[in-house]
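Everything on this sheet refers to the single structure shown next.
In what follows, every chain begins at residue 1, and chains take the letters A, B, ... in the order their sequences are listed.
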Amino acid sequence: MSKPLLKIEGLGHVYGARRGLFGTSPAFRALTGIDISVARGESFGLVGESGSGKTTLTRNILGLERPSEGHVLFDGHPVIDLGRGGERRLRRRMQIVFQDPQASLDPRMTIHDTIAEALVIHGPDLGIARSGYTRRVLDLLEAVGLGREHLYRHPHEFSGGQRQRINIARALAVEPELLILDEPTSALDVSVQADILNLLQRLQKELGLTYFFISHDLGVIRYTCDRVAVIERGRIVEQGPVAKIFDTPSQDYTRKLMDAIPDPDPDLSPLRRLA
Amino acid sequence: MSQIDTSLPRAGLARSARAEARARAIYRFRQSLLSVIGLAIAVILITVALLAPWLLPYPDDVTGAVNPAVAFQPPSAAHWFGTNSVGQDIMTLVIYGSRISLLSGVTVILLALIIGGALGVIAGWVGGWIDEVIMRITDLLLTIPSLILAMAVAAALGTGIWNMIIAITITWWPTYARLVRAEVAAKKQEQFVIASRVLGVGPMRLIGRHVLPNIVTPVVVKASLDVGFAILLVASLGFVGIGVKPPTPEWGTMLAEARNYMPQYWWTAIFPGTAIFLAVLAFNLLGDGLRDVLDPRTRR
Amino acid sequence: MALLDISDLHLSMRSFEGETPILKGIDLTVERGQIWGVVGETGSGKSLTGLTISRLLPNTTARYTGGQVLFDGKDVLRAGERDMRALRGGRIGMIFQDPTTNLNPSFRIGTQMVDAALHAARDKPAILGLTGRESRRARRRAAWQASVALLESFGLHDAEDRMARFPHEFSGGMRQRVLIAMAMIGQPDLLIADEPTTALDVSVQSQILRLIHRLVEERNIGVMFITHNLGVVAQLCSHVAVMYRGRIVERGPVSKVLKAPEHIYTRALMDAIPTARAQMDTLRGIDWPLRDRIEAEIAATAKEVTA
Amino acid sequence: AQGSKVMVLASAVDIPNFDPHVATGYAPAMLFRNVYDPLVRVSGNPPEIQPGLASEWALSDDGLTYTFTLDPDAVFHDGSSVTAEDVVWSIERILRLQRGNAWMIEGIVEPGATRALDERTVEFTLTKPYAPFLQVMIWMFIVNKDAVEPHLADDDGQAWLMSNIAGSGPFTMGRYQTGNLYQLMRAENDWHPGGGNLDGAIWKITRETSTQRLMVARGEAHMAMDLSAEDMKALDGTDGVDLIYETEYRTFSIKMNTQDGPLQDVNLRRAISYAYDYDAMLAAAGPAELMTGPLPTGILGFDPELEVPRRDIEKAREYLAKSEYAEGGFTLTARYASGYENMRRWALILLESLKELNISLDIQPTAWPDIVSSVARPETAPDFHFIFQTANYADPDNIAYAAYHSSRNGTWQNPTYGNPEVDTLIEQARGEIDAEARAEIYGEFQRAVVADAPDLFGVLEKRKLALRDNVRNFVFTPVAANAVELLPLSLD
Amino acid sequence: MLWYVIRRLLLIIPTLLGLSVIVFAIARLLPGDPVGLAAGPNATPEVIASVAAEFGLDKPIPVQYWNYLTGLLQGDWGVSLFSRRPVAADLAEFVPATLELVIAALLIAVIVGIPLGLLAAIWRDGIFDYLTRTVSLGAIAMPRFFLGLLLQLAFAMALNWLPLSGRFPLIEFPPERITGFYTVDAILIGDWHALGVALQHLALPALALSLSPLATILRMMRASTIEVLQQDYILTERALGIPSWIILFKYTLRNAVSATLTVIGLYVSWLLGGTVLVETIFDWPGIGLYSTQAILGQDFMPVIGVTLVIAMIYLVTSVIVDILQAVLNPKVRLQ
Ligand SMILES: Nc1ncnc2c1ncn2[C@@H]1O[C@H](COP(=O)(O)OP(=O)(O)OP(=O)(O)O)[C@@H](O)[C@H]1O
Ligand SMILES: Nc1ncnc2c1ncn2[C@@H]1O[C@H](COP(=O)(O)OP(=O)(O)OP(=O)(O)O)[C@@H](O)[C@H]1O
Ligand SMILES: [Mg+2]
Ligand SMILES: [Mg+2]
C-alpha cells in the first residue's frame with residue numbers, strides 16, 4: 001500500500017466548554033484517540049450507534065472543526081489553517097454527501113445552479129470555461145441517472161432518492177479524490193437505497209474514487225466497503241477488513257451490533273426460536 | 001403539510017411543481033377572505049396616496065389655506081368629511097395624510113430593515129464577541145418601550161417628518177437585528193450551507209446566495225406587519241404632539257386636535273381615526289395573509 | 001370471529017387539489033395471537049390503515065368510500081365517537097414511531113399513565129382489580145400501582161421513582177417502553193404499532209421487539225406491526241402483508257411470503273435489502289421499468305378478482 | 001377635610017414649585033394669592049388696590065418713600081404674627097434670588113432699601129419714582145422668616161419652600177400630587193376678615209380643554225380655566241353653567257427678528273404687516289378684538305386713533321417693492337409653542353398671507369423651553385416668534401418695558417427689537433408720576449413702535465371661563481385672570 | 001431555583017447599568033437645551049450659567065453620568081429641571097398608578113384572551129373562530145388613543161355609566177396608602193365604597209389598554225393550541241381513549257399557555273409604553289403622563305428615571321415569566 005490518502009492520528013474532539021457570563025456548560029468529549037488511515041481507491045466503512053461520534057469525525061476530516069488533539073492529514077497535508085487558496089484546493093479534492101438529501105440542497109436554487117456553483121468556484125482549476133458549465137452539469141446529472149428535464153427544477157420537486165443523486169452529482173462536480181458519505185441512504189426507503197448504493201459502486205469503479213462511508217446499517221457497510229472501523233462512544237474499538245470483522249468480531253460491542261440487526265430470513269429469528 | 005407523493009415522481013412532475021406551488025400559495029391566500037380584504041385596502045390606500053394630488057377636493061388646504069368662514073361644517077356634499085376648525089376640508093387632509101403615513105411607515109421599516117438586517121447578518125454570521133456586543137445593545141434598546149424612546153428622540157430632534165422617521169427607526173432596528181441574527185445563525189448551521197462551504201464557497205457568496213434568500217420569508221412577513229405598526233407609531237407621535245410640521249396634514253395630529261371638539265364636531269375625529277385604523281388593519285391582514293402563503297407551517 | 005377484520009377498505013383524503021384515493025381496497029384479518037407485519041415503501045398507506053382502525057383520522061379530510069372494518073364484530077367505521085373512545089385504550093392500543101414526540105413533555109410519566117389507566121378502567125374496572133364503586137382516590141391509587149407494576153414488568157427499574165419524572169429525563173428506548181406500557185395498561189386485545197422501532201438504535205430495537213413478542217405470548221393479543229424493515233418482520237411477525245400504493249399485494253405467513261415471495265413487488269423488496277450476506281452487485285432497486293411491471297401485475301390480479 | 005364646600009378648578013397648568021419668590025405663571029400665582037399674602041391686594045374689574053397685610057400705606061411727596069402699616073391681626077399659619085421683619089426679609093430674599101417676579105422691582109428697590117421702622121411698620125425707599133409701584137407689590141409675597149430659617153441650607157431655603165408653605169393666606173396646602181392635583185384647605189387660624197364659606201379647593205390639572213369643559217358640564221369641576229372658543233360654544237346653554245367672557249390685558253403678537261435675516265429690512269416688515277390677514281386671525285381667535293398697536297386696549301395711554309397696518313395687499317406690494325426682497329421667493333421660519341391651537345391657526349394664516357408676497361413659511365411648533373433658548377441670540381431666533389403676554393400689573397410699563405426696551409433683548413418677550421428713541425421714552429414714562437404726562441409719553445411711544453413695525457400686532461383674546469352657577473361672589477380681575485382668589489367665594 | 005432567581009435578579013443590575021449609559025447618552029447628545037427651561041423665561045446668561053452649574057450640567061457628560069450613577073446608588077434619581085422635585089419622589093407617586101393600570105389591563109387580556117383563544121382553536125374554522133379572528137385583528141389595528149376616545153364618548157359622555165377620567169373622585173380622599181394601588185389598598189382596609197369607585201375609574205383606561213394585548217394573546221393562544229393539537233402526543237392521548245376534555249383542558253392547555261406566556265411577558269414592556277397614550281386620554285396620574293410632560297419639556301432626569309423603572313419592571317417580569325415557564329414546562333431548565 002502506497003502513501004495513504006487520508007490519515008487520522010490520535011484525533012480527539014471535545015465539544016462545548018462554552019463559558020457564559022454565569023456558569024459554563026460542561027465539556028463533552030465526542031472523540032478520543034482516533035487512528036485511521038484510508039488508502040487511495042478503497043472504500044472505508046465506519047459503523048457505530050447513534051451519537052457515537054461519526055458525524056463529528058467527518059467534520060474534523062473536512063476541517064470544519066478544529067481537533068482538540070491529534071491531527072488529520074489529507075494526502076500528507078493538514079486540513080486546517082490552509083488559508084483561502086489552500087482551503088479551496090483541499091475542497092476540490094475532498095467532498096461529502098450528507099445523510100439528509102433534502103437539507104443539503106438550497107431550497108431556493110435550481111439544480112443547475114446548485115451543481116454549477118461548484119464549477120463557479122473551481123472552474124479555473126478544472127479547466128472549464130463559463131460557457132461549458134451547463135454541458136458539464138448535464139454530464140454529471142446523466143452520470144447519476146438524471147436527465148436534461150431536471151436541470152431547472154428546484155429540490156422540492158424531487159423524490160428523496162433523486163435528491164441524493166443530485167447531492168452526489170454536486171460532490172462529483174469538482175472531481176474529488178475522496179468522497180465522504182455520512183449515512184447517505186439512512187433517510188431513504190430500502191428500494192431507493194439499493195439504487196443509490198449501486199450508483200455509488202458504479203461511480204467508484206468508473207472514477208477511481210476513495211470512499212469514507214459512514215452508516216449504522218451493517219448490511220450497507222458489508223455491501224459497500226473493503227475495510228471497516230467500529231466506533232463506540234468516540235473510540236475505535238475494532239478495525240480491519242470487512243469479512244474479518246463481520247465474520248469473527250473480536251469485540252463484544254461489535255458482536256452486539258451484529259446480533260441486533262434483524263435478518264430478513266425468518267428462520268434466523270431468535271424470537272421464533274425462543275417460542 | 002405540503003408533501004409531494006414521492007412514490008410517484010413521474011406523475012408529480014407532469015405539471016411544473018413550481019407552478020403548482022404558486023397555485024397552492026394563491027389558493028391559501030384566497031382562502032382567507034381577510035387577507036384579500038387586507039390586500040384590497042392596502043392597494044386602495046397606496047393608490048390614493050400616489051394619486052393624492054389629483055384626488056384632493058381642496059388642494060390648497062394641504063399647504064395650509066384657511067377659511068374660518070366655513071369652520072366646523074358637518075359632512076355635506078361640498079365637504080364629504082366636513083371641515084375642521086379653520087375651515088379646511090377634512091377629506092382633503094385625510095387623503096393627503098395617507099402619503100405621510102405610508103411614506104413614513106414604509107421608510108421606517110426599510111431603514112430599520114437595512115440597519116438591523118446588516119447588523120443582524122454580521123452578528124449571526126461572525127458570532128463571538130461581535131455578536132455579543134450587538135445583541136446586548138439590541139437587548140438594551142428593546143427594554144425601553146418604543147413609544148417612549150421614539151418620543152424622546154423625536155422631541156429632542158424637533159418636529160418634521162424626517163426627524164420623526166429617524167426617531168422611529170432608532171427604536172425599530174433592534175427587532176430586525178434580532179430576527180435576522182437568529183435566522184442567519186440558524187441557516188449558517190443548515191446542511192445546505194455547510195455543503196456549499198465544503199465546496200469551497202466563500203463567506204460573501206454563502207451569505208448572499210444561500211443564507212439571505214432563505215431568510216426572506218420571515219423578514220418579509222414581519223416587515224409587512226410592521227408597516228402597519230409603524231403607521232400606528234407615527235400617528236401616536238402625532239397624537240402626543242411630536243410629529244410632522246404644520247401645515248402638513250397627519251392623521252394622528254388631526255386626531256389630537258379633533259379631541260378638543262368631541263363630541264360636537266365628531267367628524268373631525270372619526271375620519272382620521274378610521275383612516276389610521278384601516279391603514280394599520282390593511283397591513284396586518286396583508287402580513288397575516290403573506291405569512292399563510294410564504295410560511296405554510298405556521299398556518300393556523 | 002376474527003379480532004379484526006378489514007374488508008375492501010377504501011379511503012380518500014381531501015386536500016386543495018380535491019380528493020385523492022389513498023387506500024384502494026384493503027383486506028386483512030388479524031386473529032388473537034398473531035403478529036401481522038405490514039410492510040411497504042413510504043406513502044403506501046400503512047399508517048393510515050392503522051389510524052383507521054381507531055378512527056383517529058380527522059373526518060374533515062378523511063373520507064371512507066367503501067368497505068368495512070370490523071373489530072370484534074363491530075363496524076368501527078359506523079361507530080360513534082363515544083363508542084370509539086371506549087374502544088381506544090381499553091380494546092385497541094396504539095404506539096407510534098417517535099418516542100420523543102409521543103409523550104407529552106409537560107407532564108410527568110405517572111400523570112399520563114394514571115390517566116390512561118383510569119380511562120381504561122371505566123369500562124373494565126377489573127384491570128385495576130377494582131369493582132367500580134371505589135372512591136376517586138382509591139381508583140387513582142390502584143391506577144398508580146398498576147402502572148408501576150407494568151413498568152417494572154417491562155424492565156424499567158425503580159418504576160415508582162421514574163413515574164415522577166418527565167419524559168425528557170428518559171432515553172429513547174425507555175420512552176418507547178413507557179409508551180408501550182401506556183398502550184397496554186388497558187389490557188387491549190389488539191395492539192397497533194406504527195414503526196415503533198424505526199427511530200431507535202438497532203440494539204434498543206431488538207429489546208423492544210422482544211418485549212412485544214413477550215406480550216403476545218403472555219396475553220394472547222393480536223398485533224399489527226407496521227414497518228418498512230423486512231428484517232424486523234422476519235424476526236418478529238407470524239404473518240406479513242405487503243402494501244403497495246394503497247393495496248395489499250401479498251399476504252400470508254412470514255415463512256411462506258419471505259421465503260417464497262409470489263408477487264413481483266415482494267420479490268423486488270427482498271432484493272433491495274443489503275444484508276450481511278449479500279454479495280456485490282446483487283442489490284436491485286425499484287426502477288421505472290420494474291414499477292411498470294408491478295403496476296401491470298396488480299392490474300392483472302385486479303382483473304382476475306373481478307372476473 | 002372631606003367637607004362639602006370644596007371648589008374644583010380645572011386647569012391645564014401645573015404648580016411645580018411652591019416658592020413665591022421663584023415660581024411664576026398663573027397656576028403658581030393662584031396658589032400664592034391664596035396661601036400667602038402680599039402687602040396690598042388687587043381685586044375687582046377694573047382692578048383696584050386693596051389692603052393686604054398692610055392695612056394702610058402712604059407715599060412721600062417726592063414719590064420715593066412708601067410706608068406700610070401691617071394689620072395687627074395678621075398671623076402666619078403657625079400662629080406667629082406677621083411682623084415688619086418678615087416683610088424686610090422677604091423683599092431682600094426676592095432681590096437676592098433674582099428670580100420669579102424680581103424683575104418688576106429691579107433697579108427700583110435696591111437691597112437694603114427696605115427697613116422695618118418698628119414691629120408693624122415698613123418703609124421702602126425707591127431709587128427713582130415708580131408709578132406702578134403699588135401694582136407690582138401685589139406680587140411680592142411675604143414669607144414667614146422664622147419658619148424658613150431652620151431650612152435655609154445654602155440655597156436661601158429654596159429647596160424647602162419648593163414644597164412647603166410658610167404663609168399667612170386664608171388657605172394652606174393639603175394633599176397634592178405633582179402634575180395631577182393640589183388641594184387647598186382653609187387655614188385653621190385664618191385671620192382674614194369677611195370671606196366666603198369654602199372649606200377648600202382643588203386645583204385639578206386637566207390638560208385637555210375638552211375634558212375641562214366636560215368636567216364643568218358634568219358638575220365634576222366648578223370652574224374651567226382654559227376653555228377654547230369651541231368649548232364655550234359647546235357649553236352654551238348647559239344647565240348650571242355660567243360662561244364668562246372678559247377683556248384683559250393679555251396681548252398676542254407675532255414678533256419679527258429685527259437683527260438677523262431678511263426681516264431686518266423695515267420695508268419688508270411693513271409689507272408683511274400689510275399683507276397679514278387680520279380678519280382671518282380674528283375669526284380664528286374666537287371672542288377677541290384686534291389690537292391697535294403695541295399696548296392693550298384701554299390701558300393708560302392707549303391711543304385708539306393710532307394708525308396701524310391693516311390688510312392692504314396694494315400697500316404690501318408697494319413696501320415689498322421698496323425692500324431688498326422685491327421678488328419674494330424665499331422662506332421664513334415661524335416658531336410657536338407646540339400645543340397652542342390658536343397659535344397654530346394663526347401660523348397657518350400667516351403662511352397663507354405670505355403667499356401673496358411670494359414668500360414661503362416654515363412653521364415649527366416647538367417646545368416652549370426650546371423657544372426660550374433659541375431666542376436668546378438673534379442668529380438662532382426664528383423670523384417670526386409668536387407670544388402671548390399677560391400684564392401682571394395694570395400699567396403700560398409692564399408691556400412697554402418687557403417687550404420693547406432694548407435691555408430686554410434675548411428674552412422671550414423681546415428677543416431682538418431695540419430703538420434708542422423708544423428706550424428713552426419708556427424710561428421717561430417709568431419715572432413720570434403725573435398720569436396725563438405719562439399718557440402723552442406712551443402715545444409717542446406707540447407711534448414710534450408702529451413706525452418700526454417690529455411686530456404683527458395681534459389680538460386681545462377675551463378670557464373665557466366657565467363657572468358652575470352654585471359658585472357665589474366671583475368677580476373677574478384682569479391682571480390676575482386665572483389666579484383666582486378663593487377668599488371671597490362661596491358654594492351653595 | 002432560589003439561587004437561580006437571585007442570580008437572574010442580580011443580572012438585572014448590569015443591564016440597567018448599560019441601559020443608563022445608553023439613555024444618558026441619548027438624552028445628553030441630542031440637540032435641545034434643557035437649561036433654558038430650568039432658568040425660566042426671563043433668565044440672563046448669568047442665571048442660565050448658574051442653573052447649569054446648579055444641576056451640574058456645565059460638567060463634561062461622563063462626569064455628569066458618574067454623578068448621576070453615584071447618586072442613583074444612594075437612592076437619588078436626580079432632580080427634575082422643571083419642577084426641581086426629586087425624581088424618586090415623583091416616581092414613588094406615579095409608578096403604582098401605572099402598575100395598577102397595566103396589571104388590570106394584563107389581567108383582562110389574560111383572563112379573556114386565553115379562554116377565547118382556546119375556544120377559537122377548538123372550533124377552528126367555525127363561526128366563532130372567524131369572528132374572533134376578525135375582531136382581534138381589528139383590535140390590534142385599533143389605535144389606543146382612538147379607542148380611548150371612543151370609549152369615553154360611549155361610556156362616559158353618551159351613557160354616563162363611568163367616570164370620564166381620573167383615578168379617583170376629586171373631592172374624595174383615596175384609601176390610605178399602603179401599596180399605592182387604590183384597589184388593593186381599599187381591600188386591605190376594607191373600604192368597599194373606595195374599591196367600587198376605584199374600579200369604576202379603572203375600567204375604561206384598563207379596557208382601552210387591554211384590547212390589543214388581549215387580541216394578541218388570543219391569537220397566540222389559538223395558534224399554539226392548534227400547534228399543540230397537531231403534536232404526536234395528542235394523537236397518542238387520543239389513541240389511549242382519554243376523554244377530549246381532559247386532553248384539552250389538561251394536556252393541551254398547559255403546553256399552549258407556556259408558548260403564550262412568552263408573548264405575555266413581552267407585552268409588559270409594550271403596555272408600559274402604551275400607558276403614555278392611555279394616561280394622556282384618561283388623565284391617569286401615572287408615569288406615562290409624567291414622562292410625556294418630561295419629554296415635551298426635555299426634562300431628561302425624569303425621562304431617564306422612567307426609562308430605568310420601566311426597564312426594571314420589564315426585566316423583573318421576564319424573570320417571573322421564565323420561572324412560570326419553568327413551572328409549566330419541565331424541559332426548560334433554570335440555568
Ligand atoms: N455542536 C455540538 N456541541 C456539543 N455536543 C455535540 C455537538 N455535536 C454533537 N455533539 C455530541 O457529540 C456526540 C457525537 O455526535 P455525532 O453527531 O458525531 O454522532 P453520530 O455518530 O453522527 O450520531 P448519528 O448516528 O445520530 O448521526 C453526541 O453525543 C452529540 O450529542
Ligand atoms: N392528512 C393527509 N392529507 C392528505 N393526504 C395524506 C394525509 N396523510 C397522509 N396522506 C397521504 O396518504 C398516503 C399514505 O400515507 P401514510 O402515512 O399512510 O404512508 P406510510 O405507508 O405510513 O408511509 P411512511 O412509511 O412514510 O410512514 C401518502 O401518499 C400521503 O401523502
Ligand atoms: Mg451523524
Ligand atoms: Mg407511516
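Close approach to chain A, defined as a heavy atom under 4.5 Å from one of its heavy atoms, is seen in B:Gly200, B:Val201, B:Gly202, B:Arg205, B:Arg209, B:His210 of residues 200-211 of chain B, taken by number. Contacts between residues 130-146 of chain B and chain A, defined by a heavy-atom separation under 4.5 Å, are made by no residue at all.
Distance alone, capped at 3.5 Å, is enough to place a donor-acceptor pair between the A:Lys54 side chain and the A:Gly48 backbone. For B:Gln189 (side chain) and B:Ala186 (main-chain N/O), no donor-acceptor pair under 3.5 Å exists by modelled atom type. For A:His112 (side chain) and A:Leu138 (main-chain N/O), no donor-acceptor pair under 3.5 Å exists by modelled atom type. In this structure a side-chain-to-backbone donor-acceptor pair under 3.5 Å is missing from B:Arg181 to B:Val121. Under a 3.5 Å cut-off, the side chain of A:Tyr152 and the backbone N or O of A:Asp113 do not form any donor-acceptor pair. Judged by distance alone, the side chain of A:Gln164 and the main-chain N or O of A:Gln102 form no donor-acceptor pair under 3.5 Å.
Under the 4.0 Å criterion applied to side-chain N and carboxylate O atoms, A:Arg93 and A:Asp75 are assigned as salt-bridge partners. Checked for salt-bridge contact, A:Glu175 and A:Arg136 meet the test: a charged N lies under 4.0 Å from a carboxylate O.
Heavy atoms closer than 4.5 Å to chain B are found in the side chain of A:Ile121, but not in its backbone. Using a 4.5 Å cut-off between heavy atoms, A:Arg92 makes no contact with chain B at all. Heavy atoms of A:Asp100 lying under 4.5 Å from chain B belong to its backbone as well as its side chain. For A:Val120, the part lying under 4.5 angstrom from a heavy atom of chain B is the side chain only.
Of all the heavy atoms in B:Val108 and B:Ile168, the pair that sits closest is CG1-CG2, 3.6 Å. Here the closest non-hydrogen pair linking B:Ile194 and B:Lys188 is CG1-O, 4.1 Å.
Your options are A:Arg59, A:His122, A:Arg88, A:Glu87, and the one with the most heavy-atom pairs under 4.5 Å with chain B is A:His122.
Contact annotation: the side chain of A:Leu90 approaches that of A:Phe74 to within less than 4.5 Å [non-hydrogen atoms, C-beta and beyond].
The aromatic rings of A:His150 and A:Phe158 sit tilted relative to each other, their planes meeting at an angle between 30° and 60°.
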